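Before any comments, here is the structure.
Keep in mind that this is a model prediction, so the values were computed, not measured. Numbers for residues simply follow the sequence, beginning at 1. Atoms within a ligand are numbered from 1 in the order they appear, just like the ligands themselves. Just the heavy atoms: all of them, side chains too, but no hydrogens, waters or symmetry mates, feed the values below.
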Amino acid sequence: MTFLATAARCEMQPPIALGKLFRNRPKTGGIESWFPDSEIHFTYKGRTAIRHLCDLLDLRGSEVLMPAYNCGAEIEPLIRGGARIVPYRVDKSATADIEDIRKLISDKTRAVHVTHYFGFPQPIDEIRKVCDRHRLFLIEDCALALFSAWQDRKLGSWGDVSIFSLPKSIPVPDGGVLVINSPRLQSWEWKKRSAPLLSATRRSLSLFKSSLFRKRPLDNHPDRIDSELQDGVPIGVPMEEWYSSPEVRGTDGLPDVPGWMHYEETFTDRTLSWFSAHLLRGVDEDEIIKTRRRNYLCLASLLSGRPGFTLLYKMLPPGVCPLGLPLVCRDRESLCRHLSMRGITAAIWWPGFDRNMDWDRFQEARFLKNHVLLLPAHQGLGEKDMEYIAHAVATLNSQ
Ligand SMILES: Cc1ncc(COP(=O)(O)O)c(C=O)c1O
């Protein structure tokens, strides 16, 4: 019963469509067809793809310009790969500052890392031009931007290399992708080993469990929720579980990156699991883009004008496949906890501060790290769920 009681109604990762799980799946499709002219490598995680590109781009001993607004999981593999991180400014709208990138280029710089936050494009054309002018590699981080496009061109196709993290957008237990676009680069050879059995099985079971025991939108009636809460049953995944590692604070008083974001060297030569590869073949890209956009627009309009937060993005540009709906909140911890009690897993977005950066210099990135909360809007949810989330948000303000 506790098992059921903790099932989420609106979780952060889309669930597996269990009915379709054992249907015949096409042999090909998915990522290979998204970048037909590029070389594609599947890795166990997005961060392992980043570790590989260090060797591919020969980054040892050189500098990589890195956005100050980052999660930390992308920094560690670069450092393990021998690169030195030089952070550049990202403003309060989560946009990379191209002037700052220009100023920071030195004769040691070899690459610029760009992150498309929540599926929304950075000014990638201009950054590409800066890289070309200075003969730098462009690393396009699409960990949060699977299926997104800008000006009819897929994000991930501007970089000399790009990386993806599959479980953030589709229901797979593991999987990262390294896409090599540049003809300047040699074909990448590495000794692949199968996915780590224990870790992949644990992740598969957890995804399977949350897909099997999720509550459907029909259960979402707000009155029923309030009566369940009066019985004292916590029906969501508590925030502490989502961000479960014990918090460690540095001398500057800022919390460290959570333990599960750190880099595990033993995964470097591992590829994605058989289960992920199987699930990937059934992915319907057009349907995912359509549903995510519809959910985003629906939730954004239901929330517009509410007190206590603003939307990070004022518009949803054509081609964007949103990861979720990012809010900039006055008090995101209270909102997150309130939603969690109602079965809605919102994500406190990147509360950890990587120890390799001087955060005093990046107040805007710090602001985003302290205020952004991501609401779910993925393809496993529908308009009823968006109404449910909006209602839950409204009840916080009315309490
Ligand atoms: C921007 C960014 N890049 C890279 C990664 C690494 O992806 P993964 O978790 O699959 O290793 C993450 C994930 O935490 C991320 O947020």
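- Atom 3 (N) of ligand 1 has D141 OD2, 2.7 Å as its closest protein atom, hydrogens excluded (heavy atom only).
- Annotation: atom 11 (O) of ligand 1 to nearest protein heavy atom, R47 NE, 2.6 Å.
- Under the rule for a side chain to side chain contact (heavy atoms under 4.5 Å, CB included), the partners of D360 that lie at least two apart in sequence or sit in another chain are D358, Q363, R366.
- For N295, there are no side-chain hydrogen bond (donor to acceptor under 3.5 Å, both in side chains) partners at least two apart in sequence or on another chain.
- Classification of R80 and E265 as a salt-bridged pair holds, one side-chain N sitting under 4.0 Å from a carboxylate O.
- D100 and R89 are not joined by a salt bridge, as no carboxylate oxygen comes within less than 4.0 angstrom of a charged side-chain nitrogen.
- For ligand 1, the polar-atom distance check against G175 finds no nitrogen or oxygen pair separated by under 3.5 Å.
- Contacts between L144 and ligand 1, counted as non-hydrogen atom pairs separated by less than 4.0 Å, involve the side chain only.
- Numbered from 1 in the order shown, with element, the atoms of ligand 1 that lie under 4.0 Å from a heavy atom of E74 read 1 (C), 3 (N), 4 (C).
- Residue-ligand proximity: Y117 is placed with every non-hydrogen atom at 4.0 Å or more from ligand 1.
- Counting heavy atoms under 4.0 Å from ligand 1, residue K168 touches it through the side chain alone.
- Salt-bridge annotation for D284 and K290: absent, with no side-chain N of the basic residue lying under 4.0 Å from a carboxylate O of the acidic one.
- For ligand 1, the atoms lying closer than 4.0 Å to a non-hydrogen atom of A73 are 14 (O).
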Worksheet item: After noting the C-alpha distance and the side-chain angles of Q122 and T115, does the key distance pass the side chain to side chain donor-acceptor pair (under 3.5 Å) rule?
Response: CA-CA 7 Å; Q122 291 293 336; T115 302; over 6 Å; no

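- Interface of T115 with ligand 1, defined as ligand atoms under 4.0 Å from a residue heavy atom, comprises 1 (C).
- Evaluated for a ring pair (Phe, Tyr, Trp, His ring centres under 6.0 Å) with F164, the options F147, F42, F35 yield exactly one hit, F35.
- The closest protein non-hydrogen atom to atom 12 (C) of ligand 1 is C71 SG, 3.8 Å.
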